[in-house]
Undergrad: 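Sharing a structure with you now.
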Protein chains: 2
Amino acid sequence: MKIDPGKPDDLSAQIAGAIRDAIVAGTLIVDERLPSEAELAEQFDVSRSTVREALKRLAAQSLIRTQRGATGGAFVNRLSFEQACSQQITTSTLLLSMNAVSFGTACEARYALERACAPLSAARRTADHLATMRGEIHRQSQPELSDEAFCASDVAFHRALVDGAGNPVLSYQLAGAVEAMQPLMNMITFTARDRARIIDLHRGVADALEARDGAATLAALTALETETQALAHSVFAARAKKRP
Amino acid sequence: MKIDPGKPDDLSAQIAGAIRDAIVAGTLIVDERLPSEAELAEQFDVSRSTVREALKRLAAQSLIRTQRGATGGAFVNRLSFEQACSQQITTSTLLLSMNAVSFGTACEARYALERACAPLSAARRTADHLATMRGEIHRQSQPELSDEAFCASDVAFHRALVDGAGNPVLSYQLAGAVEAMQPLMNMITFTARDRARIIDLHRGVADALEARDGAATLAALTALETETQALAHSVFAARAKKRP
DNA sequence: CAATTTTCATATGTCTGACAATTAATGTTT
DNA sequence: AAACATTAATTGTCAGACATATGAAAATTG
């Protein structure tokens, strides 16, 4: 585990890279303790500050955790699905907002991915997943709900659908696609009629899943995508007319 | 943008969080320059070291970039698809290796997601995508290829399929699922007969895409998944027998 | 002897101050 | 006007110090 003492600055990035490589390669295993900051400083022949900056970089990616005290130090962190999900959600959200991804593109990706879950979810969804979905549908039908809360409930509904597939890898990969849509959805103002249509389509999805009918689930999701795209299109068109 | 001066240490994490929130909320926009380290230290009432550790955390997530010199400083970074992809790949890879995800689970997720791309890719793939896939198939048929190189080529083939959908969001979301399979695939030793079967199935996928036939692409992918799962199953079963 | 308290060594968290290196803007000279 | 030197601002790095947390060993106590 060495670094190039040559030209480029940013020693902390090099050190972080070296340690990261060791973790990825399996040289450092989960829960193993890294040398103390002082020892690392000596090994890499840099100051403690530089080592600390390197460790902070790794901590930001949840690759290590640190503990104070006599038996403390930096430990290789077991990356949990939960941590990975939340990281992916913030990354996805930023990616969409910073690159001016169109609603249509994001929506297409989201529904394409959800359709990938449909057959699995129809086969494996538990009563719990179905209950969550029904509960969200019920919440969505309360007229006093704010648009933002309506979108949040929509996200919860879709997450239940994805989780129903019973494949944690799939749930992880889709978390970003599902959640990152929320800010985009929040740009839409829903009329009561809009909400009623969406709720109807949600009910269709839930019914198909209850019947364990994969094909019907697919069809229901496609109908939901069509409706969502049309709704967004009309809202954005109206807004463009108002403020040209 | 304030921090709680109360109990918890890890001021650098709090500061990083505050700045991250400002970026996500849009208070800080792309390419905007943050205050200098000295100014931030004063604003947050901490030392410059602490500010630096916070900035390194953000840099590790590609949220900022830093530049030295008179007009230098920390700038809000436009998160590119490329950066986001490479981050997601390392996260996905680590997630799978650290959590002992079974080959079957990962493989199921990967093919479910790729099937989501099939109809779009059949409709939109360019000649370039097809050429890449044919090229990889050709490479795979060279018998002197190492198992590792064969897997790498397999990944390249699948990435071309995904990219063919012409949806950058989709490509980003699937990058992790496709690439993170490589270490798992590398655990398999392929016989010449195994390779031939896989190449045949790859050819089937490419043919279906060439014909712009979404349904056929789906079927070809499903056949490929079945073959892959069966192959992995037999390899692992044989290994378990040898070393019980 | 067992339980509790104290002490202590070790480690991270933070601060201060300094210097090196880089870079754009500014000033100076030819 | 162009080439060169100076300067100011800013990050990168270092050294040393102190604060704080924490487990383990040592001392104390019932």
Side-chain angles (χ1 to χ4, degrees), chain A residues 1-20 22-23 28 31-77, chain B residues 1-20 22-23 28 31-77:
Chain A
M1 205 156 71
K2 284 165 190 169
I3 59 173
D4 175 21
K7 312 290 172 189
D9 330 73
D10 232 338
L11 293 177
S12 72
Q14 288 181 54
I15 293 171
I19 298 177
R20 176 169 36 243
I23 294 176
L28 294 168
D31 290 335
E32 184 172 339
R33 183 180 173 282
L34 273 67
S36 73
E37 294 175 353
E39 286 171 313
L40 286 172
E42 200 179 3
Q43 281 183 30
F44 288 112
D45 195 31
V46 296
S47 74
R48 204 186 136 209
S49 330
T50 304
V51 167
R52 279 184 63 77
E53 288 175 9
L55 294 180
K56 294 312 167 199
R57 295 179 114 109
L58 299 174
Q61 299 175 284
S62 304
L63 288 182
I64 61 168
R65 61 179 186 279
T66 54
Q67 221 175 359
R68 297 229 289 208
T71 60
F75 298 83
V76 178
N77 204 23
Chain B
M1 205 155 71
K2 283 164 191 168
I3 59 172
D4 174 21
K7 311 289 171 189
D9 339 67
D10 231 340
L11 293 177
S12 71
Q14 288 180 55
I15 293 171
I19 297 177
R20 177 171 33 245
I23 294 176
L28 293 168
D31 290 335
E32 185 171 338
R33 182 181 174 282
L34 273 68
S36 73
E37 293 175 356
E39 286 172 312
L40 286 172
E42 200 179 4
Q43 281 183 30
F44 287 113
D45 197 31
V46 296
S47 73
R48 205 186 134 207
S49 335
T50 304
V51 167
R52 280 184 63 78
E53 288 176 9
L55 294 181
K56 295 311 168 199
R57 295 179 114 108
L58 298 174
Q61 300 174 284
S62 304
L63 289 181
I64 61 169
R65 61 180 185 279
T66 54
Q67 221 173 1
R68 299 229 283 205
T71 60
F75 298 83
V76 178
N77 204 22

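Quick caveat: nothing in here was measured; it's all calculated off a predicted structure. The sequence lines fix the lettering, A, B, ..., with proteins before strands; numbering per chain opens at 1. Just the heavy atoms: all of them, side chains too, but no hydrogens, waters or symmetry mates, feed the values below.
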Undergrad: Among D/dT13, C/dC15, D/dT10, which is the nearest nucleotide to the side chain of B/R48?
TA: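 Nearest nucleotide to the side chain: D/dT13.
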Undergrad: Measure the CG-CG distance between A/L55 and A/L40 for me, rounded to the nearest 0.5 Å.
TA: 6.0 Å
Undergrad: For the atom pair CG (A/N77) and CG (A/L58), what is the distance rounded to the nearest 0.5 Å?
TA: 11.0 Å
Undergrad: Below 4.0 angstrom, which residues in residues 54-65 of chain B have at least one non-hydrogen atom near DNA chain C?
TA: none
Undergrad: Which part of the nucleic acid, if any, lies within reach of B/T50 when heavy atoms closer than 4.0 Å are counted: base, sugar-phosphate only, or nothing?
TA: sugar-phosphate
Undergrad: Using modelled atom types only, decide if a donor and an acceptor are shared between the side chain of A/R33 and the backbone of A/A74 within a distance under 3.5 Å.
TA: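 Flag not set: sc A/R33 to bb A/A74 has no pair under 3.5 Å.
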Undergrad: Please report, rounded to the nearest Å, how far the P atom of D/dT13 is from the CD atom of B/E37.
TA: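 My rounded result for the distance is 11 Å.
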Undergrad: Please check if the side chain of A/R65 supplies one atom and the backbone of A/A59 the other of a donor-acceptor pair under 3.5 Å.
TA: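 Absent.
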Undergrad: Quick check: closest heavy atoms across A/F75 and A/D31, and the distance to 0.1 Å?
TA: CD2-O, 3.6 Å
Undergrad: Which ones in residues 66-73 of chain B lie close to DNA chain C, meaning a heavy atom under 4.0 Å from one of its atoms?
TA: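 Contacting residues: B/R68, B/G69, B/A70, B/T71.
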Undergrad: Rounding to a whole Å, what distance do you find between A/L40:CG and C/dA11:C1'?
TA: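 Value for this atom pair: 12 Å.
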Undergrad: If every non-hydrogen atom of A/A54 is compared with every non-hydrogen atom of A/S12, which pair is closest and at what distance?
TA: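 Scanning both residues completely, I find the closest heavy atoms to be CB-O, 3.3 Å.
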Undergrad: Report all interatomic pairs (protein N or O, nucleotide N or O of nucleotides 5-8 of chain C) with separations under 3.5 Å.
TA:
none

Undergrad: Going from CD1 on B/I64 to CD1 on B/I19, what distance comes out if it is rounded to the nearest 0.5 angstrom?
TA: 7.0 Å
Undergrad: Enter the distance from B/Q43:CD to B/D45:CG here, rounded to the nearest 0.5 Å.
TA: 11.0 Å
Undergrad: To the closest 0.5 Å, what do you measure between OG1 (A/T50) and CD (A/Q14)?
TA: 11.0 Å
Undergrad: So how far is it from B/R20 CZ to B/R57 CZ, rounded to the nearest 0.5 Å?
TA: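 With rounding to 0.5 Å, CZ (B/R20) is 8.5 Å from CZ (B/R57).
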Undergrad: Among the nucleotides D/dT13, C/dC15, D/dT10, which one has an atom lying closest to any side-chain atom of B/L11?
TA: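 For B/L11, the side-chain atoms sit closest to C/dC15.
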Undergrad: For A/F44 and D/dG12, what is the distance between atoms CZ and P respectively, to the nearest whole Å?
TA: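 About 19 Å, once rounded to whole Å.
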Undergrad: Out of C/dC15, D/dG12, D/dA15, which has the shortest distance to the side chain of B/S47?
TA: C/dC15
Undergrad: Specify the separation, in whole Å, of atom CD1 of B/I15 and atom C1' of C/dT14.
TA: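 Computing the B/I15:CD1 to C/dT14:C1' distance gives 11 Å.
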Undergrad: Go nucleotide by nucleotide along DNA chain D from the 5' end; which of B/A38 and B/S49 gets its closest nucleotide reached first?
TA: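 Closer to the 5' end of DNA chain D: B/A38.
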